[in-house]
*Asks:* 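Attaching a single structure in structure tokens format; questions to follow.
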Amino acid sequence: MLNMNFAQAARVDTASALWQPSPMPGVWRKPLAREDAERGHATSVVRYDAGARFAHHLHPGGEEILVLEGFFSDESGDFGPGSYLRNPPGSGHAPFSEGGCVLFVKLHQFAPGDTASVHIDTASADWLPGQGGLQVMPLHAYEGEQVALVKWPAGERFVPHRHWGGEEILVLSGEFIDEHGRYPVGSWLRSPHLSAHYPYTEVETVIWVKTGHLPVVSVGR
């Protein structure tokens, strides 16, 4: 079990973490949060070597993917850098990568009733105005859960705020900063329900962010 106490903050610099082999040859991962070795809740950075592939399998609790590098493929198509995918509970596929790829992957974390299949090319989708100088690209919403890309201009400061239902961030470019630390590209941050911070940037920064998906009471493990 890894980082499964959702009442505690978790911080991982994925750029310096070591790749670990998966059960499939040519597929590697950097675990960020994991309930069990090969099942249940899991958040990871995953790398496919060129030509690596998985046998057809099902997603009993759903699968959420953001393609970070290269092209990720399955029976439904080829997905390049910036592709955001949601494969709902009960779906299945046989994924592969001809040239290799790196992914941010979340397994078995869909809310009950969230059955949407989502394919968004964030490289071509529109940015919308957000608070202050921020720009936002909504990716998914279900009940209290919100997923988006957020672009921060250099020097932007956000108002101090609390996270109802928690907040999870992956830094995609630039550097994200708050009073607790500085987080370069590849940093994964998970902050619990009602945590607070005062974030800002010194250079243009893009983050993937999810809010409202963590338990609103302490988890005793």
Side-chain angles (χ1 to χ4, degrees), residues 2-12 14 32-35 40-45 59-66 82 84-89 91 103-120 122 125-132 134-152 156-172 176-181 183 187-201 205-221:
L2 173 67
N3 287 328
M4 288 299 294
N5 185 345
F6 299 116
Q8 295 181 348
R11 305 284 188 266
V12 178
T14 71
L32 307 177
R34 183 168 288 275
E35 183 176 3
H41 179 115
T43 298
S44 310
V45 175
H59 305 124
E63 177 184 55
E64 181 177 13
I65 294 173
L66 180 65
Y84 176 73
L85 316 174
R86 292 180 70 90
N87 299 313
S91 63
L103 316 171
F104 176 62
V105 181
K106 296 176 69 64
L107 298 174
H108 210 90
Q109 298 176 44
F110 280 45
D114 187 356
T115 60
S117 179
V118 178
H119 292 171
I120 297 175
T122 69
D126 293 332
W127 290 98
L128 304 178
Q131 182 168 330
L134 300 181
Q135 296 182 66
V136 179
M137 184 184 297
L139 301 177
H140 184 66
Y142 183 78
E143 296 183 341
E145 179 178 318
Q146 304 281 336
V147 188
L149 297 187
V150 181
K151 183 186 294 184
W152 295 62
E156 183 72 14
R157 288 183 174 268
F158 201 73
V159 295
H161 61 283
R162 292 189 177 276
H163 307 122
W164 181 270
E167 179 185 61
E168 188 172 346
I169 287 172
L170 182 69
V171 181
L172 302 178
F176 187 73
I177 311 169
D178 65 13
E179 66 270 38
H180 308 299
Y183 312 104
S187 296
W188 175 75
L189 321 174
R190 195 187 66 207
S191 302
H193 172 58
L194 291 184
S195 57
H197 68 162
Y198 182 23
Y200 61 98
T201 56
T205 298
V206 177
I207 62 173
W208 171 95
V209 60
K210 177 182 285 197
T211 59
H213 62 301
L214 299 178
V216 299
V217 295
S218 297
V219 178
R221 60 175 181 173

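Residue numbers count from 1 along this sequence.
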*Asks:* Which pair of non-hydrogen atoms, one from Ser91 and one from Pro88, has the smallest distance, and what is that distance?
*Replies:*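 That would be OG-O, 2.6 Å.
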*Asks:* Return the minimal non-hydrogen interatomic distance between Leu214 and Gly166, and the atom names on each side.
*Replies:*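 So the minimum-distance heavy-atom pair works out to CD1-CA, 3.9 Å.
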*Asks:* Measuring from Trp188:CH2 to Thr43:OG1, what's the distance to the nearest 0.5 Å?
*Replies:*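 Reported to 0.5 Å precision, the distance equals 6.0 Å.
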*Asks:* Do the non-hydrogen side-chain atoms of Trp208 and Val147 ever get within less than 4.5 Å of each other?
*Replies:*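 Trp208 vs Val147: side chains touch.
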*Asks:* Going by side chain to side chain contact (heavy atoms under 4.5 Å, CB included), Leu66 matches just one of Leu103, Leu85, Leu172. Which one?
*Replies:* Leu172
*Asks:* Tyr84 versus Leu149: any side-chain heavy-atom pair under 4.5 Å?
*Replies:*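 No, side chains not in contact.
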*Asks:* So which atom in Val136 and which in Pro138 form the shortest heavy-atom distance, rounded to 0.1 Å?
*Replies:* O-CD, 3.6 Å
*Asks:* Say you draw a straight line from NZ of Lys210 to CD of Glu64; how long is it, rounded to the nearest 0.5 Å?
*Replies:* 3.5 Å
*Asks:* If you compare all heavy atoms of Pro89 against all heavy atoms of Asp114, which two are closest, and at what distance to 0.1 Å?
*Replies:* CD-O, 3.7 Å
*Asks:* List the residues meeting side chain to side chain donor-acceptor pair (under 3.5 Å) with Arg162, not counting sequence neighbours, and say none if there are none.
*Replies:* none
*Asks:* Rounded at 0.5 Å granularity, tell me how far CZ in Arg34 sits from CG in Leu107.
*Replies:*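 It is 7.5 Å, given to the nearest 0.5 Å.
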*Asks:* Would you name the heavy atoms of Ser195 and Pro192 that are closest together and state the gap between them?
*Replies:* OG-O, 2.6 Å
*Asks:* Output the distance between atom CZ (Phe158) and atom OH (Tyr198), rounded to the nearest 0.5 Å.
*Replies:*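 Interatomic distance, Phe158 CZ to Tyr198 OH, rounded to 0.5 Å: 11.0 Å.
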*Asks:* CG/Leu170 to OH/Tyr183 distance, rounded to the nearest 0.5 angstrom?
*Replies:* 14.0 Å
*Asks:* With side-chain contact (heavy atoms from CB on, under 4.5 Å) as the test, would you mind laying out the steps for His163 and Thr211 before giving the verdict?
*Replies:* CA-CA 7 Å; His163 307 122; Thr211 59; 5.5 Å; no
*Asks:* Quick one: are His119 and Ile65 in side-chain contact, heavy atoms under 4.5 Å?
*Replies:*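 The answer is no; the side chains never approach within 4.5 Å.
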*Asks:* Tell me whether the rings of Tyr142 and His140 are parallel (<30°), tilted (30 to 60°) or perpendicular (>60°).
*Replies:*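 Rings of Tyr142 and His140: parallel, under 30°.
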*Asks:* Without swapping roles, check the side chain of Gln8 against the backbone of Phe6 for a donor-acceptor pair under 3.5 Å.
*Replies:* no
*Asks:* Tell me every residue that passes salt bridge (Lys or Arg N to Asp or Glu O under 4.0 Å) with Asp178, counting only those two or more places apart in sequence or in another chain.
*Replies:* none
*Asks:* Among all residues two or more places apart in sequence or in another chain, which pass the salt bridge (Lys or Arg N to Asp or Glu O under 4.0 Å) test with Arg190?
*Replies:* none
*Asks:* Looking at Gln146, His193, His197, which hits side chain to side chain contact (heavy atoms under 4.5 Å, CB included) with Glu167?
*Replies:* His197
*Asks:* Taking the side chain as everything from C-beta on, heavy atoms only, tell me whether Trp152 gets closer than 4.5 Å to Phe176.
*Replies:* yes
*Asks:* Give a yes or no on whether a salt bridge exists between Lys106 and Glu145, defined as a side-chain N under 4.0 angstrom from a carboxylate O.
*Replies:* no
*Asks:* I'd like to know whether the aromatic ring centres of His108 and His59 sit less than 6.0 Å apart in this structure.
*Replies:*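 Between His108 and His59, the centre distance exceeds or equals 6.0 Å.
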*Asks:* Would a distance-only check, ignoring hydrogens and angles, find a side-chain to backbone donor-acceptor pair under 3.5 Å from Gln109 to His41?
*Replies:* no
*Asks:* For Leu32 and Phe104, which heavy atoms make the closest approach, and how far apart are they?
*Replies:*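 Answer, listing the atom of Leu32 first, then Phe104: CD1-CE1, 3.9 Å.
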*Asks:* Would you give the length of the straight line joining atom CZ of Arg11 to atom CG of Leu189, rounded to the nearest 0.5 angstrom?
*Replies:* 5.0 Å
*Asks:* Go through the steps to decide whether Leu139 and Val118 satisfy the test side-chain contact (heavy atoms from CB on, under 4.5 Å), and finish with yes or no.
*Replies:* CA-CA 8 Å; Leu139 301 177; Val118 178; over 6 Å; no
